[in-house]
Amino acid sequence: MSTSNILRGTFILTLGTMLSRVLGLVYIFPFYTLVGKSGGELYTYAYVLYSVVLSVATMGVPLAVSKFVAKYNALEEYAVGRKLFRSGILLMSITGVVSFLVLYLLAPVFSPMIINEGSKHSYDDITLVIRMVSFALLLVPVMSLIRGFFQGHESMGPTAVSQVVEQLARIIFLLGSVYIIMKVTKGSLPTAIGYATFGAFIGAVAGLAILIWYWFSRKKHLDTLLEKDKGTMDISYKEMYKEIVLYAAPFVFVGLAMPLYQLVDTFSFNKIMAMAGYEDVFSGDAFAIINNYGQKLVMIPITLATAFALSLLPAITRSFISNDQDVLQRQMSKTFQILLYLTLPACIGLSILGGPAYAAFYSYDELGGYLLTWYAPTAIPLAIFTVTASVLQGINRQKYTVYGLALGIGLKLVLNFPLIYLMGAEGSIVATGIGYTASVVMNLWAIKKYTGFDYSIVFRRTMLMAIFNIAMIVGVFIVLQLLEGFIPYSDGRLQAIIVIFISAAVGAGIYFLLSYRSNLLMYLFGNRFPFLNRKTGERGL
């Protein structure tokens with residue numbers, strides 16, 4: 001396949017993934033309007049468990065199968081990929097049924113582990129929403145395998161289209177069913193959330209239907225490839241799946257990062273808050289804000305920043321394989337600097353504007369704004385972890401990602417109890433931040449060890465960015481104080497949006513102007529945006 005076709009396929013897949021993520025962020029705002037914090041709490045209990053079980057059930061299949069099929073297609077051993085596809089469909093079907101039964105049958109066991117007796121939600125409520133979401137596990141593993149098979153043939157359209165259709169179908173069913181139950185029939189909140197979580201199954205049906213259509217429309221072409229098969233390799237199922245597991249393991253752990261942190265909170269947050277003397281309603285609301293509503297807002301800057309930085313990673317992989325150390329050092333330096341340049345102001349700005357941001361996207365809530373202010377900075381180590389994990393994957397040292405994640409989760413487990421007990425809900429956020437930071441330190445150490453990367457210039461530029469961020473903080477803080485008397489964001493969503501717009505514009509203006517005057521923008525983006533280039537002396541940053 002030509003380079004232009006490969007780039008086109010990568011663009012299509014990236015676009016589909018981004019659209020799917022955007023849809024996954026946008027739906028939460030009308031959802032909040034319909035069900036509030038209590039509904040978000042119930043929904044999160046089910047979805048955290050589902051996400052963890054799903055990650056284990058699919059075992060990093062899409063990317064692992066894609067890598068496996070592409071490898072043997074390049075060797076013109078097309079039958080090997082088809083052999084994996086046939087056996088994989090059966091295996092993923094079995095995995096899906098087993099994971100469904102595990103989550104469905106153990107739902108009553110999980111319920112008392114998640115909430116306290118006498119909580120505003122009953123054990124039956126928790127059991128219902130967990131069981132309703134578990135049905136999606138019957139289909140999603142099979143869907144993941146088919147996507148990986150198509151990607152291995154460098155056909156990205158099926159994955160991209162099915163992702164978007166799956167997300168659209170899920171959201172339409174979710175919002176439609178919740179609206180009908182809550183507003184039309186005046187049904188109960190647990191019933192509405194049960195149907196909301198069942199939307200994952202509806203989405204899977206739609207996504208799988210798209211993939212089946214693609215399969216039958218392209219089967220003739222895929223069969224012609226079998227006619228060109230060399231037939232010189234006879235790989236046993238044992239060898240085949242051993243290779244798949246080696247490919248898949250790193251993707252499993254990276255994908256599990258956030259769900260595992262949320263899982264720790266799911267099984268410990270309410271229990272510890274009760275021991276610390278907090279009321280059940282307060283505890284449940286705080287859990288929903290931290291692990292659902294606040295988390296969705298925090299993911300916005302992470303998604304944008306990491307997408308930009310990760311676009312440079314294929315070049316890093318090529319440089320590492322070709323042992324071009326000078327180019328590798330420059331590319332990695334640029335990747336880290338761009339990531340930090342975009343992530344630091346976005347997350348710090350969201351933290352400063354926590355109150356109006358929560359009010360603008362949801363509704364005014366003192367607790368929501370307060371916890372968002374605490375939570376937003378944790379996105380910085382999370383974004384760095386995501387990119388460093390990809391770098392380690394590119395240099396074939398992905399096992400250190402697993403070690404780093406294990407270290408971070410271990411710290412979260414150890415610190416959650418004392419920090420929540422001493423600090424309240426924000427203690428959970430601090431424990432998460434410490435865990436992510438420890439994982440990042442491990443990843444950075446591994447990158448240094450195996451590439452010899454010199455962090456000095458990244459450190460110097462980060463210090464410069466920190467200075468610019470301090471100036472931004474001062475400017476935004478002054479604007480907030482001035483606006484508070486004229487446009488109180490607690491009065492409504494429109495006022496909050498106005499406060500956000502003006503404050504963000506001032507903060508972004510200060511940050512951009514300082515970056516431009518110092519030539520930082522030119523060094524980071526000048527090759528992509530020529531208008532940023534300025535005539536300067538030999539002065540470095």
Side-chain angles (χ1 to χ4, degrees), residues 20 22-50 107 111 114-115 119-136 164-207 280-297 299-300 356-369 372 489-497:
S20 180
V22 169
L23 288 170
L25 291 171
V26 170
Y27 88 90
I28 201 70
F29 307 126
F31 179 72
Y32 175 89
T33 302
L34 290 169
V35 302
K37 286 177 289 189
S38 186
E41 176 193 352
L42 259 181
Y43 185 82
T44 308
Y45 292 145
Y47 245 85
V48 169
L49 285 169
Y50 167 73
S111 298
I114 294 172
I115 60 172
S119 296
K120 60 181 176 180
H121 299 301
S122 69
Y123 294 155
D124 287 342
D125 295 341
I126 308 297
T127 300
L128 170 66
V129 295
I130 294 174
R131 282 181 164 173
M132 291 289 274
V133 78
S134 67
F135 285 94
V164 174
V165 170
E166 177 191 4
Q167 193 73 286
L168 276 173
R170 182 181 78 87
I171 292 170
I172 290 170
F173 180 85
L174 180 154
L175 294 177
S177 60
V178 170
Y179 179 82
I180 291 170
I181 292 169
M182 297 298 294
K183 301 297 183 181
V184 179
T185 65
K186 307 298 181 183
S188 68
L189 181 64
T191 301
I193 300 302
Y195 276 90
T197 59
F198 189 72
F201 176 79
I202 300 300
V205 170
D280 172 68
V281 173
F282 178 87
S283 174
D285 288 349
F287 177 87
I289 292 166
I290 293 171
N291 289 288
N292 191 356
Y293 297 126
Q295 184 254 348
K296 292 292 185 184
L297 292 179
M299 286 304 296
I300 295 173
Y358 198 91
F361 285 102
Y362 301 115
S363 63
Y364 175 74
D365 186 296
E366 187 175 350
L367 178 64
L372 181 58
Y489 65 84
S490 59
D491 286 355
R493 181 170 292 175
L494 178 61
Q495 290 90 328
I497 291 172

Q: Give the minimum heavy-atom separation between Gly39 and Leu189, together with the two atoms involved.
A: N-CD2, 3.8 Å
Q | Which atom of Ser177 lies closest to which atom of Ala196, heavy atoms considered | A | OG-N, 4.3 Å
Q.
Does Ile289 form a side-chain contact (heavy atoms from CB on, under 4.5 Å) with Tyr358? I'd like the steps, not just the answer.
A. CA-CA 10 Å; Ile289 292 166; Tyr358 198 91; 3.5 Å; yes
Q) Once you round to the nearest 0.5 Å, how far does CZ of Arg131 lie from CD1 of Ile126? A) 13.0 Å
Q.
So, using side-chain hydrogen bond (donor to acceptor under 3.5 Å, both in side chains) as the criterion, who are the partners of Asn291 when residues are at least two apart?
A. none
Q. With distance as the sole criterion, is a donor-acceptor pair present between the side chains of Ser122 and Asp125 under 3.5 Å?
A. yes
(Q) Walk me through whether Ile290 and Gln295 qualify under side-chain contact (heavy atoms from CB on, under 4.5 Å). (A) CA-CA 6 Å; Ile290 293 171; Gln295 184 254 348; over 6 Å; no
Q.
Test your reading of the model: is there a side-chain donor-acceptor pair from Thr44 to the backbone of Ala288, 3.5 Å cut-off?
A. no
**Q.** Any Tyr489 side-chain heavy atom under 4.5 Å of Ile497 side chain
**A.** no
Q: Inspect the surroundings of OH in Tyr179 and state if more than 12 heavy atoms from other residues, nucleotides or ligands are less than 6.0 Å away.
A: no
Q: Could you please spell out the steps behind the side-chain contact (heavy atoms from CB on, under 4.5 Å) verdict for Asp491 and Tyr364?
A: CA-CA 8 Å; Asp491 286 355; Tyr364 175 74; over 6 Å; no
Q: Taking salt bridge (charged side-chain N to carboxylate O under 4.0 Å, His left out) as the test, write out the residues that go with Lys37, two or more places apart.
A: Asp285, Asp365
Q. Got a second to check how far Ser188's OG is from Leu128's CG, nearest 0.5 Å?
A. 8.0 Å
Q | Any donor-acceptor pair under 3.5 Å from Tyr362 side chain to Tyr293 backbone | A | yes
Atom pairs and distances, donor-acceptor, side-chain atoms in residues 27-35, under 3.5 Å, two or more places apart:
from, atom 1, to, atom 2, distance (Å)
Tyr27, OH, Tyr43, OH, 3.2
Tyr32, OH, Ser363, OG, 3.2
Thr33, OG1, Phe29, O, 3.2

Q. Using 30° and 60° as the class limits, which term best fits the ring planes of Phe198 and Phe135: parallel, tilted or perpendicular?
A. perpendicular
Q. How far apart are the closest heavy atoms of Gly187 and Met182, and which atoms are they?
A. O-SD, 4.1 Å
Q: Please identify each residue that fulfils side-chain hydrogen bond (donor to acceptor under 3.5 Å, both in side chains) with Thr197, with sequence neighbours left out.
A: none
Q. Does Asn292 reach the main-chain N or O of Glu41 with its side chain, forming a donor-acceptor pair under 3.5 Å?
A. no
Q | Between CD1 on residue Ile180 and NZ on residue Lys183, distance to nearest 0.5 Å | A | 13.5 Å
Q.
Holding to side chain to side chain contact (heavy atoms under 4.5 Å, CB included), I want the full list of residues that pass it with Ala169, two or more places apart in sequence or in another chain.
A. Ala206
Q: To the nearest 0.5 angstrom, please state how far the CD1 atom of Ile181 sits from the NZ atom of Lys186.
A: 13.0 Å
Q: Using side-chain hydrogen bond (donor to acceptor under 3.5 Å, both in side chains) as the criterion, list what pairs up with Ser38, not counting sequence neighbours.
A: His121
Q.
Looking at Ser119 and Ile115, would you say the former's side chain and the latter's main chain have a donor-acceptor pair under 3.5 Å?
A. no
(Q) Using 0.5 Å steps for rounding, measure from the CG atom of Leu49 to the CD1 atom of Ile130. (A) 5.0 Å
Q.
Between Arg493 (side chain only) and Ala360 (backbone N and O only), is there a donor and an acceptor less than 3.5 Å apart?
A. yes
Q: I would like to know whether Val178 and Tyr195 meet side-chain contact (heavy atoms from CB on, under 4.5 Å); could you show each step before the answer?
A: CA-CA 7 Å; Val178 170; Tyr195 276 90; 5.8 Å; no
Q.
If I take atom CZ from residue Phe201 and atom CE from residue Met132, how far apart are they, to the nearest 0.5 angstrom?
A. 11.0 Å
